[in-house]
Amino acid sequence: MKKILFFSLFSMSTHIITAQSKTIGKIDRYDAALDKILDANTKIEVLGEGFIWSEGPAWVKDGEYLLFSDVPANTIYRWKKGEEITEFLKPSGYTGIPPYSDEPGSNGLIINRVGNLVSCEHGDRRLAEMPLTFGGKRTLTDNYMGKRFNSPNDVVQKSNGDYYFTDPPYGLRQKEDDPSRETPLFGVYRVDKTGKTTLIIDDLTRPNGLAFSPDEKTLYVAQSDPDRAYLMAYPVFIDGKVGKGKVFYDMTSMVKQGLKGLPDGLKIDKKGNIFTTGPGGILILSPEAKLLGRIDTGEATANCAFGNDGSVLYITADMYLLKVQTQTIGVGF
């Protein structure tokens, strides 16, 4: 196996980039419908390893490369086929005086509709936008009604340009008990085109990843609470607000079985199938909430994103950056 080694100045940990020869985990098949999504010979390929906690993958179409966060390392890395993984941006989410917390960096990343990088920043407690070629960041939002966010975690953009993001406590030094908390809840927020921030969901204990259905009539929100490990579904109204949510899929029993991981990041394919991180890896759910299969990484799995022509699923799982070839196409391609 060919290995290329390089070192992070932050963690001094070794990152190993393979020539796509190393695989891990397995595919668990629960329904015949999975055969149209993942080939019977599908492998989970290792693209890189040795990160502290990899997160937030986002595919850059103009340039054909992947960006992803290492949250504890306060760094965004860049992966491109045929090249070694390189540091793209540091600091990525905390620009103050260190130390801040054990998760100071950027978490969820997306490329917005104009091609800029949008990042959820734990340490700076904001949602920020940055051009990929030249120029600095600008803050999209950092408070609601004058109270600072906890640590924005994941973000999605609606086709009209509005952003929706979650705000759990994971980036704070003492998490939910941190004395710097200014808001009493862990909300889901919307930032419209004028920059106005609105609280749209206020009753979740640990909101995390989120994604829209292909028709944008449903907003899915993952809850990373081991006692209420749910994927929630909310109807989306024309004005951008959401209605009463319901439990779309309950993963709590899987957590209690000892499977690694919690509901975290998620993505949707064009047929409405949901690829959600959860206990055991990536759960693949039909639009009717039927479990079709699982990409069993064997690790606590943080997030995923479609890339290339929309058929390649990139996965961040603990210390790993992974890749799975699918037979479907993600929303946005």
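- Proximity of a side-chain donor or acceptor of Glu299 to a complementary backbone N or O of Tyr320 within less than 3.5 Å is not detected.
- The two atoms that bring Leu262 and Pro226 nearest to each other are CD2-CA, 3.7 Å, heavy atoms only.
- For Tyr77 and Phe51, the ring centers sit closer than 6.0 Å to each other.
- Judged purely by distance below 3.5 Å, without hydrogens or angles, the side chains of Gln325 and Asp39 never pair a donor atom with an acceptor atom.
- Between Phe212 and Tyr164, the ring planes lie perpendicular to each other; the angle is over 60°, past the 30° to 60° tilted range.
- Counting non-hydrogen atoms of neighbouring residues, nucleotides and ligands closer than 6.0 angstrom, the NZ atom of Lys80 exceeds 12 such neighbours.
- Annotation for Leu172 and Ser151: closest pair N-OG, 4.3 Å, computed over non-hydrogen atoms.
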(request) Please test Thr277 against Asp264 for side chain to side chain donor-acceptor pair (under 3.5 Å), starting from the C-alpha separation and ending with a verdict. (result) CA-CA 5 Å; Thr277 59; Asp264 199 326; 4.8 Å; no
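- Taking the six-membered ring wherever Trp is involved, the centroid distance between the rings of Tyr144 and Tyr189 falls below 6.0 Å.
- The backbone N or O of Lys217 sits less than 3.5 Å from a side-chain atom of Asp215, completing a donor-acceptor pair.
- No hydrogens or angles considered: a donor-acceptor pair under 3.5 Å links the side chains of Arg125 and Ser180.
- In this structure, a donor-acceptor pair under 3.5 Å is present between the side chains of Asp225 and Thr205.
- Counting non-hydrogen atoms of neighbouring residues, nucleotides and ligands closer than 6.0 angstrom, the CG atom of Asp62 reaches no more than 12 such neighbours.
- A cation-pi contact links Lys61 to Phe333, judged by a cut-off of 6.0 Å to the six-membered ring centre and 45° from its axis.
- Screening Glu87, Glu83, Glu84 for a salt bridge (Lys or Arg N to Asp or Glu O under 4.0 Å) involving Arg78 leaves a single residue, Glu83.
- With salt bridges taken as basic N to acidic carboxylate O contacts below 4.0 Å, one links Asp227 and Lys256.
- Between Thr301 and Ile315 the shortest heavy-atom distance is CG2-CG2, 3.5 Å.
- In this structure, Tyr314 has its ring center under 6.0 Å from that of Trp79.
- A salt bridge does not link Lys81 to Glu64: none of the charged nitrogens lies less than 4.0 Å from a carboxylate oxygen.
- Ring centroids of Tyr220 and Phe248 are separated by less than 6.0 Å, placing the two rings close together.
- In this structure, Pro263 and Met251 approach most closely via the heavy-atom pair CG-SD, 3.7 Å.
- Side chains of Thr326 and Ser311: no donor on one and acceptor on the other come within 3.5 Å.
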(request) Output, in order, the C-alpha distance, side-chain angles, deciding distance and verdict of side-chain contact (heavy atoms from CB on, under 4.5 Å) for Tyr170 and Asn153. (result) CA-CA 8 Å; Tyr170 299 125; Asn153 187 280; 3.8 Å; yes
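- With Val118 as reference, Asn112 is the one residue of Asn112, Val156, Ile111 to meet the side-chain contact (heavy atoms from CB on, under 4.5 Å) rule.
- Here the CG atom belonging to Leu199 is positioned 5.5 Å from the CG atom belonging to Leu185, to the nearest 0.5 angstrom.
- Closest heavy-atom contact between Ile274 and Ser286: CD1-O, 4.2 Å.
- A salt bridge links Lys175 with Asp102: the closest approach of a Lys/Arg side-chain nitrogen to an acidic carboxylate oxygen falls below 4.0 angstrom.
- Remark: Ser92 OG to Glu55 CD distance equals 11.5 Å, nearest 0.5 Å.
- Classification of Arg173 and Glu103 as a salt-bridged pair fails, no side-chain N sitting under 4.0 Å from a carboxylate O.
- Using a cut-off of 4.0 Å between Lys/Arg side-chain N and Asp/Glu carboxylate O, Asp28 and Arg294 are scored as salt-bridged.
- Not one N or O on the side chain of Asp192 forms a donor-acceptor pair closer than 3.5 Å with the backbone of Thr197.
- Counting non-hydrogen atoms of other residues, nucleotides and ligands closer than 6.0 Å to NZ of Lys43 gives a total of 12 or fewer.
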(message) For Leu231 and Leu285: C-alpha separation, side-chain torsions, deciding distance, then whether side-chain contact (heavy atoms from CB on, under 4.5 Å) applies.
(response) CA-CA 11 Å; Leu231 181 62; Leu285 306 171; 3.9 Å; yes
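- Within the model, atoms OG of Ser119 and CG of Leu127 stand 7.0 Å from one another, a figure rounded to the nearest 0.5 Å.
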(message) Quick one, Asn143 with Arg126, criterion side-chain contact (heavy atoms from CB on, under 4.5 Å). Give me CA distance, side-chain angles, the key distance, then yes/no.
(response) CA-CA 8 Å; Asn143 74 92; Arg126 65 177 178 172; over 6 Å; no
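- Taking the six-membered ring where the residue is Trp, Phe165 and Phe149 present perpendicular rings, their angle passing 60° and hence far from 30°.
- Hydrophobic clustering places Leu292 together with Ile329 (ILVMFWY residues linked when any side-chain heavy atoms are closer than 4.5 Å, directly or through intermediates).
- Note on Arg29 versus Asp31: no salt bridge recorded, every NZ/NE/NH1/NH2 to OD/OE distance being 4.0 Å or above.
- Side-chain polar atoms of Asp269 and Thr328 form a donor-acceptor pair below 3.5 angstrom.
- In this structure, CG in Asp162 is found 9.0 Å from OG1 in Thr198, a value given to the nearest 0.5 Å.
- Glu49 contributes no side-chain N or O that, together with a main-chain N or O of Leu321, makes up a donor-acceptor pair within less than 3.5 Å.
- Rounded to the nearest 0.5 angstrom, Thr75 OG1 and Asp70 CG are separated by 6.5 Å.
- Taking each heavy atom of Lys271 and Pro287 in turn, the nearest pair found is O-CG, 3.4 Å.
- Each of Asn107, Val221, Leu210 was evaluated against Asp154; a single residue qualifies, Leu210, per the side-chain contact (heavy atoms from CB on, under 4.5 Å) test.
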(message) Is there a side-chain contact (heavy atoms from CB on, under 4.5 Å) between Phe306 and Val312? Walk through the geometry before answering.
(response) CA-CA 5 Å; Phe306 286 99; Val312 177; over 6 Å; no
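- For the side-chain contact (heavy atoms from CB on, under 4.5 Å) with Lys267, the lone residue among Thr276, Asn303, Val331 that qualifies is Asn303.
- Remark: Thr42 OG1 to Leu34 CG distance equals 8.0 Å, nearest 0.5 Å.
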